[in-house]
Amino acid sequence: MPELGVNIDHVATLRQARKTFEPDPVAAAVLAELAGADSITLHLREDRRHIQDRDLRLLRETVTTKLNLELSVSEEIIGIACQTKPEQATLVPERREEVTTEGGLDVVSHRVAVARAVQRLQAAGIAVSLFIDPDPRQIQLAKELGVEAIELHTGQYALARGADQAQQLAALVAAGKVASDLGLRLHAGHGLNYHNVRPVATIARMLELNIGHSIISRAVLVGLERAVREMKDLL
Ligand code: PXP
């Protein structure tokens with residue numbers, strides 16, 4: 001069974017909608033760990049649209065399982081990562097106009113920048129994972145760059161339906177085999193939810209799944225009834 005990394009970015013998204021103090025992603029991380037999360041994942045974006053520097057600092061102090069920081073190859077963010085020292089850094093592509101991370105990191109086209117980021121992070125003692133599409137060329141290059149892990153982008157699988165979904169799953173299975181045969185740790189994530197997670201979780205040698213939006217979305221709905229009752233009791 002793979003380990004579960006809970007991505008808490010969208011707790012911060014809700015907070016930033018009002019630029020207030022709640023809900024606090026630090027509190028969310030404590031609860032996720034109490035419920036059995038194996039790691040806490042967060043993405044410090046250059047535009048700081050959800051997670052803030054203060055969140056990362058406090059999470060570094062409070063997370064007791066494993067802190068997995070998603071980040072772009074930005075010099076500034078890499079510098080922050082090297083100072084903060086999460087156990088794992090996952091390099092992702094980042095574009096300001098995107099709603100969420102839209103595709104895997106193109107290691108083939110950005111080899112020099114990625115290699116430099118990997119070197120800086122590893123020199124700080126941080127294990128590096130590359131978030132890439134299920135493409136054997138990208139996986140081979142990840143191996144050549146000396147990273148510890150790859151995270152397969154499951155976004156296309158999550159969006160696909162019917163025969164297309166079966167094809168996307170087959171690509172993930174094949175890519176997973178390439179990665180683990182090369183001795184890379186195998187992770188996956190993006191768009192996974194309560195309906196589509198099982199086939200990905202059962203891919204051979206899958207070690208870690210990072211899941212955010214579906215868990216936070218469900219938390220809002222399963223918690224709403226109690227929250228309304230508590231407010232009614234106050235009136
Ligand atoms: N893995 C990576 C590399 C991501 O960028 C994200 C989104 O921040 C996730 C996993 C989680 O995706 P989702 O929120 O769709 O579960």
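This one's a predicted model, so the numbers in the text were calculated from it and none came from an experiment. Keep in mind that the numbers below use all heavy atoms, side chains included, and drop hydrogens, waters and symmetry copies. Atoms within a ligand are numbered from 1 in the order they appear, just like the ligands themselves.
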With respect to [X], determine whether any N or O atom, backbone or side chain, lies less than 3.5 Å from an N or O atom of ligand 1.
{"X": "His213", "result": "yes"}
{"X": "Glu151", "result": "yes"}
{"X": "Leu192", "result": "no"}
{"X": "Ser214", "result": "no"}

Ion pair present between [X] and [Y], side-chain N to carboxylate O less than 4.0 angstrom?
{"X": "Asp106", "Y": "Arg137", "result": "no"}
{"X": "Arg48", "Y": "Glu76", "result": "yes"}
{"X": "Glu61", "Y": "Arg57", "result": "no"}

Using a strict 4.0 Å cut-off to heavy atoms of [X], name the atoms of ligand 1 that fall inside it.
{"X": "Val92", "result": "3 (C)"}
{"X": "Asn210", "result": "10 (C), 11 (C)"}
{"X": "Ile211", "result": "16 (O)"}

Check: With the 4.5 Å side-chain cut-off for hydrophobic clustering, are Leu172 and Leu186 part of the same group?
Finding: yes
Do [X] and [Y] meet the criterion of a side-chain donor-acceptor pair at a distance under 3.5 Å?
{"X": "Glu87", "Y": "Asn68", "result": "no"}
{"X": "Glu33", "Y": "Thr64", "result": "yes"}
{"X": "Glu148", "Y": "Gln88", "result": "no"}

Next item on the list: Answer with side chain, backbone, both or neither: which part of Glu70 has a heavy atom less than 4.0 angstrom from an atom of ligand 1?
Entry: side chain
Item checked: ligand 1-proximal atoms of Asp9, by part, heavy-atom distance under 4.0 Å ->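 Asp9 to ligand 1: side-chain contact only, backbone stays beyond 4.0 Å.
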Item checked: Asp55: partners by salt bridge (Lys or Arg N to Asp or Glu O under 4.0 Å), with sequence neighbours left out -> Arg15
Notebook entry, point to check: Heavy-atom contact under 4.0 Å between Gly191 and ligand 1?
Noted result: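 So Gly191 counts as touching ligand 1.
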Check: Does ligand 1 have any atom sitting under 4.0 Å from a heavy atom of His190?
Finding: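 The answer is yes: ligand 1 sits under 4.0 Å from a heavy atom of His190.
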